[in-house]
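Below is one structure, written out as structure tokens; the observations come after it.
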Amino acid sequence: MAFLKFNKSELVNLSYSLKREIISANKTGAYCNTSIVTCNTRRYHGLLAVPIDNFGGGKYMLLSSVDESVVMGGKQFNFGIHCYGDVYEPRGHKYIIDFDSDPVPEIVYKVGEILFSKAIVMVPDNDQVLIKYTLLEAPQKVTLKLKPFLAFRNIHSLTRQNGEARTEGREISNGMSYNMYPGFPDLNLQISRKSTFKAAPYWYNGITYSDEYRRGFDCVEDLFVPGEFITELTPGDSVVFSASVNEVNVKSLKRKFDDIVVKMGTISDIHDLLVHNAELLKCRKDGKEKINAGFSWLETGLLRETIMSLPGLTLYADGNTAEFEKILDTLIADEQERLYHRTTQVESPLMLTDTVQQYIHFGADRKRVWKKYGAVLKGIIESYAPGRRREVAMHPNGLLWAQMDWTALSWMNTYIDGHPVNERAGYQVELNAMWYNALCFALEMEAEFGARKSTFVSQWTPVRDLVKDNFQNVFKIADKDYLADYVDGSGQNMDVRPNQLYAVCLDYSPVDDEVKAGVIATINNELVTKRGIRSLSPRNAKYKGVYEGSQTDRDLAYHNGCAFPMLLGHYIDVCFNMMGAAFYKKAAYLTEGFYEDINKHGVGVFAELYDGDPPHEPHGAIACACSTAALLRVDYLMNKYKEDRK
């Protein structure tokens with residue numbers, strides 16, 4: 001990855017290296033995530049986390065880490081690193097001289113005359129991680145020792161030494177197999193060449209995760225080490241260590257590793273990087289294709305995140321329309337309750353209309369799309385009829401009123417001590433903009449492709465007209481160039497937020513062109529940054545421009561100042577629609593910063609959010625589906641308008 005560069009002199013500096021994370025994932029939903037020096041700083045970090053259905057779903061950390069040591073001339077050098085309170089021991093990072101991630105993460109160590117590397121890769125179709133160790137240079141044969149640290153716990157939890165853990169293992173081909181608790185799969189640890197295993201069962205207590213400590217969370221756990229694998233390496237030799245839920249053929253491990261690396265290819269430009277990220281965030285399990293909202297801790301198959309990111313991760317990535325429909329079909333089948341009955345994500349079902357519209361704009365046949373998805377979209381609209389949903393009600397003016405006491409009914413859904421930071425009860429601007437868009441689209445498509453005398457058309461046409469008549473009057477703030485964020489019994493909430501973007505960026509807008517221009521100007525002047533769209537204007541007293549500090553501090557900042565890349569797709573799309581190819585340079589300016597940041601936070605991936613204040617440091621999930629999808633959409637639009645500029 002030629003544009004991914006690191007300050008090699010800083011690799012040994014933990015204040016630099018611990019803030020940079022590697023993430024690898026596969027199609028099963030398994031992942032590997034740690035810092036670039038392989039010191040775990042979060043509870044989510046580890047070498048092999050896998051999805052397990054036995055406990056109601058979710059991901060579970062099986063293998064936390066592996067400490068590597070080389071022995072030559074009677075001297076042992078340990079390349080591992082763990083944090084115990086304020087102490088790091090061992091301090092293997094001091095031997096690191098290089099790090100690369102093209103196409104897989106590889107760390108190079110140097111101690112004396114020994115040059116040693118390790119590279120990590122996830123197997124695409126199995127819950128398996130492979131680590132390839134190579135003795136690049138040495139004056140003589142060395143002994144390699146590998147010491148695995150076992151966790152066997154949910155990625156959101158921590159484990160402690162206990163008497164219930166089954167610490168005995170069983171021998172398998174060139175390795176050992178462990179299963180510490182009932183319901184877990186076996187963890188099979190194997191080596192590609194002849195080795196011995198020296199049993200030395202021991203709990204390493206007090207391992208501390210510095211990022212969790214900094215945030216005020218539980219941060220200490222105990223990990224079990226069953227012993228160490230020992231093998232010999234001569235200069236130029238390599239050996240592959242495998243951790244898998246299945247016992248594997250050790251003779252094929254080196255070839256398997258090399259084949260995976262070859263198939264991954266190299267990342268030569270921004271589009272390659274974006275497509276690579278799209279693949280990272282999609283998984284296939286039990287015949288179902290889904291989107292992971294983000295690594296490491298966000299879930300797979302979430303409603304809002306899937307709807308928002310689906311076009312970007314499929315259509316704009318590589319034009320895979322079949323994959324688009326498979327993921328959408330899975331989502332619809334799995335989310336019947338939220339789509340048609342109740343959800344705290346009140347706008348998400350209506351957002352599905354925009355996803356389908358993007359599919360049509362990409363080239364899908366309108367009639368076929370309506371035949372397949374029309375009943376779904378009409379059913380969603382009908383679910384907002386009076387009395388159908390507890391959390392949202394359609395008023396006589398046609399607008400939707402969302403309210404449940406002490407509940408945040410929108411994407412701005414952080415809580416502190418059980419109370420929403422931004423409750424936004426009332427007429428929400430984005431909810432009603434999406435409502436109008438959904439009504440207009442469904443009525444147009446049903447009139448064109450539905451029954452000749454459609455009951456749906458006759459029933460919902462008056463509602464659409466009511467929304468059109470009332471939306472601008474309700475949300476337009478007198479003598480201002482922007483829309484109210486929401487309207488409740490006290491009147492218009494005048495916070496300048498990006499939610500009003502949906503009133504101007506969807507196919508059907510409920511406001512006139514003059515209002516649309518004012519909204520875009522306000523967003524551009526107060527919310528647009530080089531790392532996304534701010535969630536609140538800096539001119540607001542509630543604004544918090546840095547996402548740091550305690551959990552409370554961060555929850556207060558999350559939707560009150562943080563910048564979100566996921567909003568860029570819609571913003572840049574509407575700007576291109578308004579200004580044409582003349583907006584190309586501004587679009588490039590608004591996205592180039594993300595590619596400058598890919599060597600920090602998550603290496604080669606795109607973060608969930610950024611500070612609203614410069615220098616806009618990245619935070620949140622290190623690899624985010626919505627952020628990646630938005631950048632893919634912008635990349636697609638820029639290529640389209642680039643042709644128009646010629």
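Treat the numbers as computed from the prediction; the structure is a model and nothing was measured.
For the pair Arg20 and Tyr16, the cation-pi test (distance below 6.0 Å, angle within 45°) is passed. In this structure, Lys132 forms no cation-pi arrangement with Phe241, as its terminal cationic atom is not both closer than 6.0 Å to the ring centre and no more than 45° off the ring axis.
When ring centroids are compared, Phe606 and Tyr595 come within the 6.0 Å threshold. When ring centroids are compared, Phe594 and Tyr610 come within the 6.0 Å threshold. In this structure, Tyr316 has its ring center closer than 6.0 angstrom to the ring center of Tyr636. Taking the centre of each ring, Tyr547 and His619 come in below the 6.0 Å mark.
A salt bridge links Lys600 and Asp597; the closest N-O separation between the charged side-chain nitrogens and carboxylate oxygens is under 4.0 Å.
Checked by atom type, the side-chain pair Glu608/Tyr558 shows a donor-acceptor distance below 3.5 Å. A donor-acceptor contact under 3.5 angstrom links the side chains of Thr300 and Asn292, judged on distance only. A donor and an acceptor atom, one from each side chain of Glu232 and Thr143, are located under 3.5 Å apart. A donor atom on one side chain and an acceptor atom on the other are found under 3.5 Å apart for Asn188 and Ser177. For the residue pair Glu21 and His45, a side-chain donor N or O sits within less than 3.5 Å of a side-chain acceptor on the partner. No side-chain donor from either of Asp237 and Thr134 sits under 3.5 Å from a side-chain acceptor of the other. Donor-acceptor pairing under 3.5 Å is lacking for the side chains of Asp102 and Thr266.
Put simply, the side chain of Leu11 does not reach to within 4.5 Å of the side chain of Ile97, judged on heavy atoms.
Phe149 and His82 have tilted rings, their planes meeting at an angle from 30° to 60° on a 0 to 90° scale. Aromatic ring orientation, Phe55 versus Tyr60: tilted (interplanar angle from 30° to 60°). Ring geometry for Tyr202 versus Tyr204: interplanar angle over 60°, hence perpendicular rather than tilted (30 to 60°).
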